Amino acid sequence: MATFGLVDCNNFYVSCERVFQPRLADRPVVVLSNNDGCVVARSQEARALGIAMGTPFFKVRGVIERHDVAVLSSNYALYSDLSERVISILAAAAPDHEVYSIDECFLDLARRAVPDLNAWCRDLRTQIQRWTGIPVSVGVGSTKTLAKLASKIAKAAPEADGVFDLTRDDAKGIVARLRETPVGDVWGVGGRSSKMLVERGVHTALDLRDAPDGWVRQRMGVVGLRTVQELRGVACYDLESQPAPKQATCCSRTFGKAVTDKGQVRDAIIAFAERAAEKIRHAGQVCGAIQVSIATDRFDANAAQYKTAASTTFMTPTADSRAIVAASLRILESLWRDGFAYRGGGVLLLDLSPAENVARSLFDYGLDYGAAGEDQLMKAIDRINGRFGRGAVGLGLATANAQWRMSQKHLSPRFTTRWRDIPKARIEGGSAQGVL
DNA sequence: TCTGGGGTCCTAGGACCC
DNA sequence: TCTGGGGTCCTAGGACCC
């Protein structure tokens, strides 16, 4: 029988901030999305105040001020770096693992000859806490869906103390746990399905597990049926240790302010195109097509609305910023309409394939920036930006005080990835004191 | 009035995940 | 005043093929 472990970092973004800012311990903390728009992470204390995930910041501003909640902008440089540290510990402990997201990792525990799985999970948890400062929960189950469920129990049930193993429960015990789990808490059951299920009397994970196959297939498709099978202990999803190469890569942003100036929108699209191109080069890929989109503020009832996108294909697949930026600007030209206040845009690179497989086009020898890997200029640009920071060199002229740049009023330092932000420790009176 | 059966590819939209 | 970003897979419908 398969045994999956799920290691899940608790309140990950908040925990990352707390590692380097002890003043944030034991008090309510929230982390905001890009542009300081929505709450995307909350500490336990903030959760207790009723601040829901994904709430627009302005809607909870009152609660935040009343309870002196610490507010932070997202600092992805910090979160990615700490995530890599946690993953490296897990990789050493369980060679068969799947990095599922920035703060979650599945482990294949069936092939680990561990005499006492519970003790092993507890040791792993302690090690991660000590080495990185990040608290984690560990769930164990016979399918990925059950392991996810177990990790929720590990977090919520005080007696679990951070580790919960559903494979140790007998059938009766599992039934009891499923009965206590609201159907919307099941992995794969989102808001829409949850509403539909509750309206039809399916309230708990147990109700869903015992629903007839035909009914589930009709209401929730094959994906829903897989979820039900997984709840029954029939594994439909394997551990995927090699992540499949991406099919598409995108860079999109909501602008800090609505923008009516075409030059500003051009600058934004250039920046998005460059960033997307850099991402696929990093992945060793080239793209066969590109899509550009721009839109007005959908929340502004008084503004004239316009939302549009268009795409084009490359004769030869490419990862060259010059080709990608040029194409994005041609598309923008075709999309642009004067008189609207634009609030966001993006560049999507599609039809991705490995750079080494590029077949040159017969008509392509004029402009020699198709074949990736040969291009020394792109390599040089990536090296310089890798060393001196993103945006050190690039195409186009960045406008000072660009309105489209996102607002990040509460950004913490890049404690681990930028030399001048690294915390200093100094010795005073024989004891080390962090300067933070 | 009657009107096969099987396939592919593409696209847009929906649902879900974190 | 103030509402994220980056992905995946599935489904249905249309165009087209033999």
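The structure displayed is predicted, hence computed values, not measured ones. In the text below, chain A, chain B and the rest are named by the order of the sequence lines, each starting its count at 1.
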For [X], answer base if it contacts any base atom (sugar-phosphate contacts may also be present), sugar-phosphate if it contacts only those atoms, and nothing otherwise; contact means non-hydrogen atoms under 4.0 Å.
{"X": "Phe57(A)", "answer": "nothing"}
{"X": "Val186(A)", "answer": "sugar-phosphate"}
{"X": "Ala248(A)", "answer": "sugar-phosphate"}
{"X": "Thr55(A)", "answer": "nothing"}

Rounded interatomic separation in angstrom, taking [atom1] from [X] and [atom2] from [N]:
{"X": "Trp187(A)", "N": "dC18(B)", "atom1": "CH2", "atom2": "C1'", "value": "11 Å"}
{"X": "Ile102(A)", "N": "dG7(C)", "atom1": "CD1", "atom2": "C1'", "value": "14 Å"}
{"X": "Asp297(A)", "N": "dT1(C)", "atom1": "CG", "atom2": "P", "value": "13 Å"}
{"X": "Lys279(A)", "N": "dG6(C)", "atom1": "NZ", "atom2": "C1'", "value": "7 Å"}
{"X": "Asp351(A)", "N": "dG7(C)", "atom1": "CG", "atom2": "P", "value": "15 Å"}
{"X": "Gln291(A)", "N": "dG13(B)", "atom1": "CD", "atom2": "P", "value": "11 Å"}
{"X": "Tyr100(A)", "N": "dG7(C)", "atom1": "OH", "atom2": "C1'", "value": "10 Å"}

So which nucleotide from [options] ends up closest to the side chain of [X]?
{"X": "Arg253(A)", "options": "dC16(B), dC9(C), dG6(C)", "result": "dG6(C)"}
{"X": "Arg226(A)", "options": "dG7(C), dC10(C), dA15(B)", "result": "dC10(C)"}
{"X": "Ser193(A)", "options": "dA15(B), dC9(C), dT3(C)", "result": "dA15(B)"}
{"X": "Arg343(A)", "options": "dC9(C), dT11(C), dT3(C)", "result": "dT3(C)"}
{"X": "Thr254(A)", "options": "dC17(B), dC16(B), dG5(C)", "result": "dG5(C)"}
{"X": "Lys246(A)", "options": "dG4(C), dG7(C), dG6(C)", "result": "dG7(C)"}

- Query: Is it the case that Arg253(A) and Asn35(A) place a side-chain donor and acceptor less than 3.5 Å from each other?
  - Reply: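 Their side chains do not contain a donor-acceptor pair, so the 3.5 Å distance test is not met.
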
- Query: Any side-chain donor paired with an acceptor under 3.5 Å for Ser321(A) and Arg281(A)?
  - Reply: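 Indeed, the side chains of Ser321(A) and Arg281(A) share at least one donor-acceptor pair under 3.5 Å.
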
- Task: Would you tell me if any nitrogen or oxygen in the side chain of Lys148(A) comes within less than 4.0 Å of OP1 or OP2 on dC18(B)?
- Result: yes

- Message: Looking at dT3(C), I'd like to know if its phosphate oxygens (OP1 or OP2) sit under 4.0 Å from a side-chain N or O belonging to Arg61(A).
- Response: no

- Pair Asp81(A) + Arg85(A), salt bridge at N-O below 4.0 Å: yes

- Query: Given the rule in the ring-ring contact (aromatic ring centres under 6.0 Å, His included) test, do Tyr342(A) and Trp336(A) qualify, once you have shown the distances and angles that lead to the verdict?
  - Reply: CA-CA 10 Å; Tyr342(A) 294 93; Trp336(A) 181 263; 4.7 Å; yes

- Query: Is the Phe106(A)-Tyr237(A) ring centre distance short of 6.0 angstrom?
  - Reply: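 Distance test on ring centres: not under 6.0 Å, no.
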
- State the pairing partner of dG5(C); accept Watson-Crick or G-U wobble contacts with both distances under 3.5 Å, and report none otherwise.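 Checking every strand shown, dG5(C) finds its partner in dC18(B), with both distances under 3.5 Å.
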
